[in-house]
Amino acid sequence: MGYEEAGRDRTAEPPSGVPAAVLENVFDDPTHGEPGRDRVGVHLGWEFVLLAGLATLGWLLWQENPAALRADNLRTLLVDAVGLGLLALAAGLSLRTNAPNLAVGPVAVATALHYAEQGDRGLPASVGPAVAVAALGGLALALVVVVLHVPGWAASLAGAAGVVVFIERRSTTVLVQSDYDPGRNAGYLFAGFAAVAVLGGLFGAIRAIRRLVGRYRPIADPAQRRGAVAAVVTALALVGSTVLAALAGVLLAANGPGAVVPTSGLDLTVLAIGVALLAGTSVYGRRGGVFGTFLAVSLVTVFQAYAPERGWTFSTWAVGGTALGVGLLVTRLVETFGRPRPGSTDKPEPVSDGTISTGWTMPQAQSVDNWPPTLPTPAAPQPVDPWRDPRWEDSPRRWDTDER
């Protein structure tokens, strides 16, 4: 018995207009966000543009100086690409969770300085403590972000300021004391970076992982908490990005000319975030490409090798700022054309809306909270007039009996 009572409270439908029962089948967070699958085609299209740019720059570099792509020069170029790639992965990982880590550059410089000073103790003894400290620092940053629920860029900027204070304690360049040459393993390092970047992009294209990683992305008021799952995923991403930045600092120091300059490292932060955005990662979080990080890192690395061959001088700030500006345009591109199609429900299971094909309307099922069902209130009894009681007409009259 399903009665449609006036004024009964109903579950509010989402802004998309798709029934909540349908959203439960296509969206991990049914009450929020857009139903349907993100369109990855826009990322693949942009990555084709990056590939064309990389091929063009590589050909121009080969025409200008073929020796730049041979022997030791090629190995140095590959290690530089891996160092920049780790920074881009660190920035991209934090961007995917909508908690950008602005401390990746200072962390890389601080780790490079530590490695330069302690490198004579061996690779494990010099790198291990630096990575451990970076992990603890990333954990502290993550706790501030997820416990206080503050923007990642603001908390990481405060953390970057603390790391810069550590860097400023060294006023002169520091010679690298280690004899480790990453160029000997340049091919393996580059292949490992390419595998991590591409596999990460492929996993990030899976709908469940994509939405899980981007769960921290706000859907209404940015100050509202997004739940324990979003907090855990964001915390892991911040710790991972800080560790990746530390490893990048070790490679950049070991592959450098032999000395590490104590700079703030904020120019490396701009470059890393610029390359991540250039790769197709959205500045709003969640959305990103498949091959974009690998291609964008390779493109910027080849450009940095090609510019000196033409006599051009660009600082890290200039290259990073340009990549950042173009990356913001790419963000608008992927946010406009990468969102699910309007009205898409990604083949949901059939859901009855109470209407069948014959035109008859079936009553809606009541919630168990209303059991037993509410019966209609009977009308109040009308007062009976004793002088109009039918028994006065049907019963025998006394005087009729007496006459008989």
Practice task
To the nearest 0.5 Å, tell me how far R75 CZ sits from R184 CZ.
Solution key: 11.0 Å
Practice task
Compare all side-chain heavy atoms of V290 with those of H43 and state whether any distance is below 4.5 angstrom.
Solution key: no
Handout entry: Side-chain (W46) to main-chain (L278) donor-acceptor, under 3.5 angstrom
Key = yes
Practice task
Would you confirm whether S156, through its side chain, and L102, through its main-chain N or O, come within 3.5 Å as a donor-acceptor pair?
Solution key: yes
Completion exercise
Closest heavy-atom pair, G58 versus L69, reported as atoms and distance to 0.1 Å, is O-CD1, 4.1 Å
Practice task
Kindly indicate whether the side chain of L266, heavy atoms from C-beta on, has any atom under 4.5 Å from the side chain of P106.
Solution key: yes
Practice task
Answer yes or no: is there a side-chain heavy-atom contact under 4.5 Å between Y115 and Y180?
Solution key: yes
Exercise for the section: Kindly say whether Q118 contributes a backbone atom to a donor-acceptor pair with the side chain of Q177 at under 3.5 angstrom? Expected result: no
Practice task
State, with a plain yes or no, whether a side-chain heavy atom of R170 is found less than 4.5 Å away from one of L113.
Solution key: yes
Exercise for the section: Decide if the gap between the ring center of F190 and the ring center of F294 is smaller than 6.0 angstrom. Expected result: yes
Exercise for the section: Supply the atom-to-atom distance I273 CD1 to N101 CG, rounded to the nearest 0.5 angstrom. Expected result: 8.0 Å
Completion exercise
Scanning both residues in full, the closest heavy-atom pair of V107 with A245 reads CG1-CB, 4.1 Å
Handout entry: Minimum-distance pair of heavy atoms, taken over all atoms of E47 and F291
Key = OE2-N, 3.2 Å
Exercise for the section: Determine whether V104 and L268 make a side-chain contact, defined as any pair of heavy atoms from C-beta on separated by less than 4.5 Å. Expected result: no
Exercise for the section: Return yes if some donor-acceptor pair links the side-chain N/O of S126 with the main-chain N/O of G122 below 3.5 Å, else return no. Expected result: yes
Handout entry: R215 and V229: CA distance, side-chain angles, deciding distance, side chain to side chain contact (heavy atoms under 4.5 Å, CB included) verdict
Key = CA-CA 8 Å; R215 201 175 179 88; V229 175; 4.1 Å; yes
Fill in the blank from the handout: Rounded to the nearest 0.5 angstrom, the OG1-CG distance for T301 and L84 is 4.5 Å
Completion exercise
CG (L77) and CD (Q304) are apart, to the nearest 0.5 Å, by 9.5 Å
Handout entry: For the student: nearest non-hydrogen atoms of G152 and V145, plus distance
Key = CA-CG2, 4.0 Å
Problem - Donor-acceptor under 3.5 Å (T97 side chain, S94 main chain) - result: yes
Practice task
Side-chain contact test, heavy atoms from C-beta onward, threshold under 4.5 Å: evaluate it for F193 versus L89 and give yes or no.
Solution key: yes
Practice task
Measure from the side-chain N and O atoms of E64 to the backbone N and O of Y306, and report whether any donor-acceptor pair falls under 3.5 Å.
Solution key: no
Handout entry: Side chains of V300 and F303 in contact at under 4.5 Å (non-hydrogen atoms)
Key = no
Fill in the blank from the handout: Here the pair of heavy atoms bringing A296 nearest to V275 is CB-O, 3.8 Å
Exercise for the section: Please report the closest heavy-atom contact between A67 and N73, naming both atoms and the distance. Expected result: O-ND2, 3.0 Å
Exercise for the section: Output, in order, the C-alpha distance, side-chain angles, deciding distance and verdict of side chain to side chain contact (heavy atoms under 4.5 Å, CB included) for N255 and L251. Expected result: CA-CA 6 Å; N255 197 48; L251 279 181; 5.8 Å; no
Exercise for the section: Run through L189, L78, T76, V250 and flag the one making a side chain to side chain contact (heavy atoms under 4.5 Å, CB included) with P182. Expected result: L189
Exercise for the section: Please lay out, stage by stage, how E335 and R217 fare under the test salt bridge (Lys or Arg N to Asp or Glu O under 4.0 Å). Expected result: CA-CA 13 Å; E335 285 292 336; R217 171 172 168 159; 3.1 Å; yes
Practice task
Determine whether L87 and L271 make a side-chain contact, defined as any pair of heavy atoms from C-beta on separated by less than 4.5 Å.
Solution key: no
Handout entry: S241 side chain vs L93 backbone, donor-acceptor pair below 3.5 Å
Key = no
Problem - Interatomic distance, L236 atom CG to L139 atom CG [nearest 0.5 angstrom] - result: 9.5 Å
Handout entry: Member of R286, H149, R96 meeting the side chain to side chain donor-acceptor pair (under 3.5 Å) criterion with Y216
Key = H149
Practice task
Taking atom CZ of F314 as the centre, report whether more than 12 heavy atoms of other residues, nucleotides or ligands fall under 6.0 Å from it.
Solution key: yes
Handout entry: OG1-CG distance between T293 and L86, expressed to the nearest 0.5 angstrom
Key = 11.5 Å
